[in-house]
Amino acid sequence: MTKEITMPRLSETMADGKILSWHKKVNDRINKGEIIAEVETDKANMEIEAVDSGVISDILVTEGQKAKVGDPIALLNGKRTQKLPEEIKAEEVKKEEKPEKPEEREIPKHEYKPEKIQIKASPLARKMAEKEHIDLSDVKGSGPGGRIRESDIYEYMKKPETAQEEKTGEKPLSRMKQTIADRMSRSKKEIPHFYVTYEVDADRLVNFYNNLDKTKNITYNDIFIKAAALALKVHPIFNSSFEQDHIELRQNINIGIAFATEDGLLVPVVHDCDKKSLEEISAEMKIIKDRVKNNKLKPENMTGGTFSISNMGMYGVKEFSAIINPPEAAGLAVSAIFKKPVVKNDEIVIGYIINITLSADHRIVNGADAAIFLKDLKDILENPDNITK
Amino acid sequence: MFKIENLGLIDFNKALDYQNKLVFLKQNGLKTDYFLLMEHNHVFTTGKCADARNILDKNIPITITNRGGDITYHGPGQLIGYIILDLKSSKFDVHDFLRHIELLIINTLKKIDINACKIDGLTGVWVEDKKIASIGIGVKKGITMHGFALNVNTDLSYFSKINPCGLDAGIITSIARIKKANINMEMIKEMFMSELKLFN
C-alpha cells in the first residue's frame, strides 16, 4: 500500500521545513529509524528519520524546496513509476526489434504528438503539467528512460518565454521580502486602519516648486517630508506608537519614504525632520537615494521611523491608501499632481490638485483627530511659503 | 549537567572533528552533555542551502557545514559556543533550544550592562538594530551540535566580504564596538559558564 512520508513536526512552533538534502533516492529501500533527509527549520539543520520501512517510490519535494508540516514529501511503496535500469534495458532491446513504420517517420516533429499514456512522467510532474497546461510531449525528461520529473517541468517553464516564468514559475522569496511580507501582513492584521482623504489645492505648491533654486534639486518628496514634519510637530499623537498598555509619544520626528526596489519595499528614514531645513532634508534624501540605488543603506537609514510617506505621483496615481508601517501610528499616501476644473471665487477655473490620504491606527486616534491633522497638513501644502520659514 | 571545555584558539575543522566525535559518543549512549567554548582562526562557513549571492568576495575559501543558516565569518576575538546535548532527553524541542541559546547570550550580556534582545523571525541576538551574535545548529539523530558565535573583540571588517546570514555586513556589531574598548575574553567565558543553569 502506498504511504506518504510527510514533513515531520520537529518543534511545536514549526510551520514548514526546507529539504536541504535527500540521503535516499527513488527505488531505495529504507528502514524505520534510518536517516532519509536533512531539513532546515529556523536556524537548525535536522536529520529526519524514516517512520516506516519500505521502498521510496517518489520524491515529491526536492532539495532546496520547502514543505508545510504534514505535507507529503515522498511516497513509499507506491506503484513504481520509475523503472529499474535492467527494465529500461530490456525495453530498449524490445524497441529495437520492432522497427517503426516509415510513414510515421515522415510526420514533422512538431506535429507529432504521441498519446499521453506513452509518456513517462512522475505523478507530480503530470499534476504540474496539467495545472500549467503544458503538453508533456513537449518536455524533455531527465529521469531514467527519459522519464519526466517535476524538475524538468520547472526547466521547461523557465526556458521558452521569460514572461511565462514570471507568471507561473515559483520565485523564491529573499529573506528581505519574507520580512517585508511578514511586517505588512502583521500590520494589516493587527492595526485597525482607517483612511481620510483631502483634495489639496496645489496651485501655490506648483508655483513654489517652480520658483525653487533649481541648482539645489529639491524634490516634491522633500517638500512633503518637511510639510508632514511641521504638521506632526503640532499633532504629536500622530508621531507615536501603540504599546501593550499605553501610547508611546516618540521624541523625534523621523520620517520614512517608501522606495520600490528590486528586492522589495524599502522605507529609509530621515531623522529629526522638524529640526532640519528643507535644504538639509533634501541633501540627506539625495544621499539616501544614492544608497538605495547602490544597495548601501546603513542601519541608521533604516530604523527609528515614526511616520511614513508613500508617493506614487510619478506613476500618475490619482488616489490610493497606504499600509501603516509598524510601529508607527499613521502614514501618508501622496498621489499625482493633476489639473482639473475647480471652483474658485464662484468661478470654474483650471487648477492643480493633489490628493493626500492618511492611514491611521484607530487604537490611537479617531476620525476627527485624523481630519484635523490632515486639514493642517493640507493648509501647510496650500501655503508652502511657511515650509521655508 | 554540562561538562564545560575551554578549547582556546582552534581551527574550525579541528573543532568540527571533535564535535562529531562527541556526537557519535552521545548517539551511542554517552550521558554527559558538552558545552565547548573557543575561538576559531579566520574562516567563512555556511549552511547547506546557502545563497551564493551572499558571498561578495568570491576569492574567500568557504567551509560548508551541517548547521542551519547562511554564510558567516568566524575569527579571533569572536566567542564560539558549541552545545552537544541530547535533545530527545532534554525538555526542549529544536525551536525552544534555539530560543534558549538566545536567552543564554542575552542574560550574559546583561551582566555587562548590554541590553540585548531577540527578534522574531531573525534568529540571533540583537543590540538595538545590530546583530551581535549568530546562531546555527545541527541535529544528528537527536544530538545537537554547533551553537553560537558572539562578537566580543572580532575584527568586523571581515564581515564585509559577505552578507552575513543574508544581511548587510554593516548590521554586525561586537561588545568591543558597543563598549568602545576591548573586553577580556576569558571573563566573558566565565560569565557564560555561570548562566548555563538555564539549560538544566
Side-chain angles (χ1 to χ4, degrees), chain A residues 8-15 17-23 33-50 62-66 69 172-183 185-186 262-263 266 269 291 294-305, chain B residues 23 27 46-51 53-54 56 64-70 72 87-88 92-99 101-102 119-124 126-131 133-148 160 163 165-173:
Chain A
R9 184 180 293 280
L10 300 167
S11 149
E12 279 290 312
T13 49
M14 177 171 167
K18 183 194 212 173
I19 301 280
L20 292 175
S21 63
W22 278 102
H23 290 205
E34 207 178 346
I35 306 298
I36 53 171
E38 281 175 51
V39 167
E40 186 180 56
T41 165
D42 198 336
K43 290 279 174 99
N45 167 351
M46 299 195 73
E47 290 179 337
I48 57 174
E49 296 173 9
T62 52
E63 291 175 5
Q65 286 185 317
K66 272 188 177 180
V69 168
L173 282 178
S174 67
R175 218 164 294 169
M176 189 174 129
K177 277 199 173 158
Q178 279 174 24
T179 310
I180 295 166
D182 281 349
R183 276 176 69 94
S185 47
R186 196 142 35 99
E262 243 173 60
D263 290 331
L266 284 177
V269 176
R291 287 184 183 164
N294 299 314
N295 214 354
K296 283 266 185 286
L297 279 173
K298 302 217 160 108
E300 70 253 29
N301 297 133
M302 296 302 296
T303 50
Chain B
V23 168
Q27 284 170 347
T46 166
K48 274 196 179 146
C49 262
D51 188 337
R53 281 171 299 182
N54 290 327
L56 305 178
I64 296 172
T65 74
N66 70 321
R67 63 162 171 78
D70 214 306
T72 195
L87 214 49
K88 282 178 188 163
F92 308 113
D93 69 29
V94 61
H95 287 178
D96 291 339
F97 183 64
L98 289 169
R99 299 293 85 79
I101 297 177
E102 287 170 339
I119 298 178
D120 283 351
L122 289 170
T123 299
W126 299 74
V127 177
E128 287 171 5
D129 53 347
K130 302 261 177 148
K131 193 174 185 182
S134 303
I135 295 175
I137 64 161
V139 185
K140 285 167 107 177
K141 287 192 189 157
I143 312 293
T144 65
M145 63 189 293
H146 300 296
F148 68 85
S160 62
N163 286 330
C165 304
L167 304 165
D168 187 275
I171 213 158
I172 304 290
T173 192

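Quick note on labels: first sequence line is chain A, next is B, and so on, each numbered from 1.
- Smallest separation of non-hydrogen atoms from B:H95 and A:D42: NE2-CB, 3.7 Å.
- Heavy atoms from other residues, nucleotides or ligands lying under 6.0 Å from CD of A:E34 number more than 12.
- When the side chain to side chain contact (heavy atoms under 4.5 Å, CB included) test is applied to A:N45, the partners found at least two apart in sequence or on another chain are A:L20, A:E38, B:N66.
- B:L87 CG to A:M46 CE: the interatomic distance, rounded to the nearest 0.5 Å, is 5.5 Å.
- The contact between A:T41 and chain B is made by backbone and side chain atoms together, counting heavy-atom distances below 4.5 Å.
- Closest of all the heavy-atom pairs between A:K43 and B:K131 is NZ-NZ, 4.0 Å.
- If you measure heavy-atom distances from A:I35 to chain B, the contacts under 4.5 Å come from the side chain alone.
- Considering every non-hydrogen atom in both A:E47 and B:K140, the closest pair reads OE1-CA, 3.2 Å.
- For B:I64, the CD1 atom counts as loosely surrounded, since its 6.0 Å shell holds 12 or fewer non-hydrogen atoms of other residues, nucleotides or ligands.
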